[in-house]
Engineer: 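Before I ask anything, here is the structure I am working with.
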Amino acid sequence: MLLSRYFLPILKENPKEAEIVSHRLMLRAGMLRQEAAGIYAWLPLGVRVLKKIEAIVREEQDRSGAIECLMPTIQSADLWRESGRYDDYGKEMLRIRDRHERDMLYGPTNEEMITEIFRSYVRSYRDLPLNLYHIQWKFRDEVRPRFGVMRGREFLMKDAYSFDVDAEGARAAYNRMFVAYLRTFDRLGLKAIPMRADTGPIGGDLSHEFIILAETGESAVFCDRSLLELPIPAADTDFRSDLSPIVSAWTEPYAATDEMHDEAAFSALPEERRMSARGIEIGHIFYFGTKYSDPMRARVTGPDGQERPVHMGSYGIGVSRLVAAIIEASHDDAGIIWPDSVAPFDVGLVNLKPGDAVTDEVVDGLASRLEGAGLEVLQDDLDQRAGAKFATMDLIGLPWQVIVGPKGAAKGEVEIKRRATGERQALGLDAALARLVQGRAR
RNA sequence: CGGGGCAUAGCGCAGUCUGGUAGCGCACCUGCUUUGGGAGCAGGGGGUCGCAGGUUCGAAUCCUGCUGCCCCGACCA
């Protein structure tokens, strides 16, 4: 992609409305445009990141055995009257009316709808377990949206819903999502820690918030440092096997947000393992039993011939929020530092002297070889000074920069720079290419 | 939803107290010079001063109402 043909509206100055670093950087890097309070248009660079995150979330959901579908953003109020939540949900729900004066709403979540779909088709325990998910925009009319997409009103969310014949099965479904989440966040370059969350009236131990540590986090968290060292389940994990040993290993060490914090238990830890920090919630998994299947009569017949309401759980990941969360966890004074897996482009290829025949030739040749090797390249062909080019590249945070100037080009040499470390290296063309392809393969 | 603040060019701001017909920096356009960390000089374009009323010879400026946005708190993926 040629930068001269791309749409990348960089801001040199900080927009005054942006308080936290991720919001500021997303606006400055031309990823995002606010259209109303808590409502944003995603510009090309932002969309690229959003799609990469979405793809990783999807792969890990699929791997765990969940099945993708897509439910609408607009729902009928009648569904919500059935579960009793139409009145309970309050002003956070955006209520609208169609031309026939029917009550509709912009969905804040999809438990009712998925339950309605499930009950229309599934009758027998033989069709279970089942986990359906979708990745769809939601709307919650927050009183006070803030922090950019971290707390917007419209947001992209992955929500999965599990159906099982009994609590035992539901626990296994819960464990599958738990493991899928560990893998997902790891692939996104994040250290996510599952923390016991409030289960409300259902009770039990089956609700966890996945929290990443960041100085700008919204809530205080307390945990055992050993959690940072636990191994992530491998890609070939068998999701049909018993996953409870993995879940136990991750849930036994102490970890809690301030609402669930138990100072006594925390103090019992050895001093050097106690960690108190701030965190951002990026995922939440929840078992809620028959809360919806009961009133909505979503029932299956068990092996004993008895009909019973299915046991359900729901599992959310804030996809659009993750874009901001990743930036909160990975940036410096100059700008964003994208993890390789979600970077909008793999390589920023900087032509320091467009119009110089030799430099142009080296840059164009390198661009096609890199693209031929499957890398995504943003080629800076603008007629700007070197300093401005470097500042732009650092701001948008592509993992690798390749800098080509006329002197180096004449010697068949380019400089590659790793954004995360700032480390630079002058290499011949073949060596540079090999280094970048290898970097991507990781 | 309580408390506070802001609204003037694409972005960041001054001008408002004390009314006289709008300005600075960045960005943008033209030209020349410059060229490895957000260049310099010269010239140029762009604003019904958030909206609606009112006061006045005259309103960005004073008065009234409205709208939008931001921050703190309570609430939440």
Side-chain angles (χ1 to χ4, degrees), chain A residues 9-20 23-24 27-28 30 33-40 53 57 89-93 107-110 135-160 181 192 197-198 207-212 217-219 257 259 279-286 314-325 333-335 350-356 359 380 382-396 401-409 413-415 417 422 424 426:
Chain A
I10 297 280
L11 304 178
K12 266 166 87 169
E13 287 174 275
N14 281 322
K16 66 170 176 180
E17 74 270 18
E19 191 70 5
I20 62 167
H23 190 194
R24 206 155 57 223
L27 293 171
R28 286 198 51 211
R33 162 96 190 158
Q34 176 163 332
E35 294 299 338
I39 300 178
Y40 296 88
I53 295 173
V57 169
Y89 216 91
K91 291 182 135 180
E92 285 211 338
M93 186 155 73
T109 177
N110 288 71
I135 300 173
Q136 178 62 293
W137 292 91
K138 308 284 192 293
F139 194 92
R140 291 184 195 168
D141 201 357
E142 295 282 345
V143 195
R144 176 141 111 83
R146 64 182 124 168
F147 303 150
V149 294
M150 189 74 87
R151 178 75 91 70
R153 289 194 289 174
E154 190 184 49
F155 56 96
L156 186 61
M157 182 172 166
K158 184 286 300 183
D159 40 328
Y181 276 36
D198 190 7
S207 178
H208 287 86
E209 291 179 355
F210 285 74
I211 305 263
I212 60 161
E218 62 216 318
S219 49
T257 60
E259 300 111 38
I280 300 169
E281 182 183 347
I282 49 175
H284 195 165
I285 59 178
F286 203 85
S314 73
Y315 313 89
I317 291 180
V319 177
S320 49
R321 160 178 272 206
L322 270 168
V323 179
D333 289 345
V350 179
N351 185 339
L352 283 181
K353 188 153 187 170
D356 177 82
T359 313
D380 179 357
L382 300 180
D383 183 21
Q384 273 187 317
R385 299 174 68 88
K389 287 170 177 277
F390 296 150
T392 298
M393 279 300 163
D394 286 349
L395 174 62
I396 67 175
Q401 295 170 19
V402 180
I403 298 152
V404 185
K407 292 188 206 100
E413 203 171 75
V414 300
E415 185 173 81
K417 172 181 163 183
R424 296 150 179 273

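Not measured: the values here are computed from a predicted model. Below, chains carry the letters A, B, ... as their sequence lines are ordered, and counting in each starts from 1.
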Engineer: For A:R33, which contact category applies under a 4.0 Å heavy-atom criterion: base, sugar-phosphate, or nothing?
Structural biologist: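 No contact.
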Engineer: Reckon A:K353 has a side-chain N or O less than 4.0 Å from the OP1 or OP2 of B:U35?
Structural biologist: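 Result: no.
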Engineer: Which base sits across from B:U30 as a Watson-Crick or G-U pair, both distances under 3.5 Å?
Structural biologist: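 Pairing partner: B:A42.
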Engineer: Determine: side-chain N/O of A:Q384 to OP1/OP2 of B:A39, distance under 4.0 Å, yes or no.
Structural biologist: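 No, because none of the side-chain N or O atoms of A:Q384 sits under 4.0 Å from OP1 or OP2 of B:A39.
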Engineer: Counting only Watson-Crick or G-U wobble pairs whose two distances fall under 3.5 Å, which nucleotide matches B:G25?
Structural biologist: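 Its partner is B:C11.
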Engineer: Could you please name the partner base of B:G73, counting Watson-Crick and G-U wobble pairs only when both distances are under 3.5 Å?
Structural biologist: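 Pair assignment: B:G73 / B:C1.
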Engineer: Would you indicate what A:K158 reaches in the nucleic acid, counting non-hydrogen atoms under 4.0 angstrom: base, sugar-phosphate, or nothing?
Structural biologist: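 No contact.
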Engineer: Counting the atoms with a prime plus P, OP1 and OP2 as sugar-phosphate, which does A:K407 contact under 4.0 Å by heavy atoms, base, sugar-phosphate, or nothing?
Structural biologist: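 No contact at all - A:K407 keeps every heavy atom at 4.0 Å or more from the nucleic acid.
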Engineer: Name the nucleic acid region contacted by A:A386, choosing base, sugar-phosphate or nothing; use a 4.0 angstrom heavy-atom cut-off, strictly under.
Structural biologist: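 Sugar-phosphate: the residue A:A386, judged by heavy atoms under 4.0 Å, touches backbone atoms but no base.
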Engineer: Check every strand shown and say whether A:K12 touches a base, only sugar-phosphate, or nothing at a heavy-atom separation below 4.0 Å.
Structural biologist: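 Result for A:K12 = base.
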Engineer: Using a heavy-atom cut-off of under 4.0 Å over every strand shown, decide if A:L11 touches base, sugar-phosphate, or nothing.
Structural biologist: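 Nothing: the residue A:L11, judged by heavy atoms under 4.0 Å, touches no strand.
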Engineer: Once you apply the 3.5 Å cut-off to both distances, tell me the Watson-Crick or G-U wobble partner of B:C66, or none.
Structural biologist: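 Base partner found: B:G50.
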Engineer: Need the pair for B:U56. Rule: Watson-Crick or G-U wobble, both distances under 3.5 Å, any strand; none if unpaired.
Structural biologist: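 Looking at the geometry, B:U56 pairs with no nucleotide.
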Engineer: Establish, with yes or no, whether the OP1 or OP2 oxygen of B:A39 is under 4.0 angstrom from a side-chain nitrogen or oxygen of A:R385.
Structural biologist: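 So the side chain of A:R385 is within the cut-off, an N or O lying under 4.0 Å from OP1 or OP2 of B:A39.
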Engineer: Whole-Å distance between B:G36 P and A:E413 CD?
Structural biologist: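 Distance, rounded to whole Å: 17 Å.
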Engineer: What string of B, S and - do you get for nucleotides 71-77 of chain B 5' to 3' if you count protein non-hydrogen atoms under 4.0 Å?
Structural biologist: BBBBBBB
Engineer: Can you tell me the pairing partner of B:G19 across any strand shown, Watson-Crick or G-U wobble, with both distances under 3.5 angstrom?
Structural biologist: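 Looking at the geometry, B:G19 pairs with no nucleotide.
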Engineer: Within the 4.0 Å heavy-atom criterion, would you say A:T392 contacts the bases, only the backbone, or no part of the nucleic acid?
Structural biologist: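 Base contact.
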Engineer: I'd like to know if A:E142 and A:R151 make a salt bridge, using a cut-off of under 4.0 Å between side-chain N and carboxylate O.
Structural biologist: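 Salt bridge flag = yes for A:R151 with A:E142.
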